[in-house]
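It should be emphasised that the depicted structure is a prediction, and the values quoted were computed from it without experimental measurement.
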Amino acid sequence: MKISKTPYPYAEATAQFMEMAGQERPSRCVLPVDRPNRSPSPGDLGTLQGLQNAISQLVGRVKTPTLRLRLALLLEEVVELSEACLHEDAALIARNVADVLYVAHSFPHSLGYDGEAVYDCVHQANMRKKMGKVRSDGKQLPPFNFEPPDVRKVLSEAEAVKVR
């Protein structure tokens, strides 16, 4: 089994994209690490409950058991990350981001494809967004002539290599 030397193997590619897109990347953590946990307000809880209900309905529509489980786990972690963001606690957010990544990285493994090859394909496409506009919230948009990543080709090439 190949295990990356770093627990977060895509950090370099992510940093490269953020730099290209002109997105801020502070040199140190900008949120308090030692903030006491704050309970979400009733309004926050209502919003989170609504999100959880919508997620349950969405997950219930997925037919393939493996996909249903993976999606349920990932969305559960996203809800927990949302709650952590309400607390504005760096340690709680960091743990929940790691949980989201952990579950997200399980998708390729559980579905039998090369997640690194697909990530690299998407990263290369994202880096071609440089000439696109930036939305008011800071999101880098693709330029008008943007070609989306050809993930089908990556998956097909990987299958062809397996068959040989």
*Do Arg68 and Arg61 come within less than 4.5 Å of each other through their side chains, counting heavy atoms only?*
no
dist Asp114:CG -> Leu155:CG (nearest 0.5 Å) comes out at 9.0 Å
CZ (Phe107) and CG (Leu69) are apart, to the nearest 0.5 Å, by 8.5 Å
May I have the step-by-step check of side-chain contact (heavy atoms from CB on, under 4.5 Å) for Val154 and Asp120, ending in yes or no?
CA-CA 10 Å; Val154 172; Asp120 289 344; over 6 Å; no
Presence of salt bridge, Asp137 and Lys139, under 4.0 angstrom: no
Point to revise | Working for side-chain contact (heavy atoms from CB on, under 4.5 Å), residues Val100 and Leu74 | key: CA-CA 6 Å; Val100 167; Leu74 182 61; 4.0 Å; yes
Interatomic distance, CZ@Arg152 vs SG@Cys121, rounded to 0.5 Å, equals 12.0 Å
Check whether Val122 and Leu111 end up in the same hydrophobic cluster, where Ile, Leu, Val, Met, Phe, Trp and Tyr are linked by side-chain heavy atoms less than 4.5 Å apart. yes
Going hydrophobic residue to hydrophobic residue with side-chain gaps under 4.5 angstrom, can you get from Val151 over to Leu71? yes
Requested in this report: Is it possible for you to say whether Leu73 and Tyr102 belong to one hydrophobic cluster, with membership spreading through side-chain heavy-atom contacts below 4.5 Å?
Outcome: no
Value for CD1 (Ile93) from CD (Glu88), rounded to nearest 0.5 Å, stands at 7.0 Å
Distance col, row Gln140:CD vs Met127:CE, nearest 0.5 angstrom, shows 9.5 Å
More than 12 heavy atoms of other residues, nucleotides or ligands under 6.0 Å from CZ of Phe146: is that the case? yes
| said: Using side-chain heavy atoms (C-beta onward) and a distance below 4.5 Å, is Ser106 in contact with Arg70? | reply: yes
Rounding to 0.5 Å, atoms OG (Ser156) and CG (Asp150) come to a distance of 8.0 Å
Kindly indicate whether the side chain of Leu58, heavy atoms from C-beta on, has any atom under 4.5 Å from the side chain of Leu75.
yes
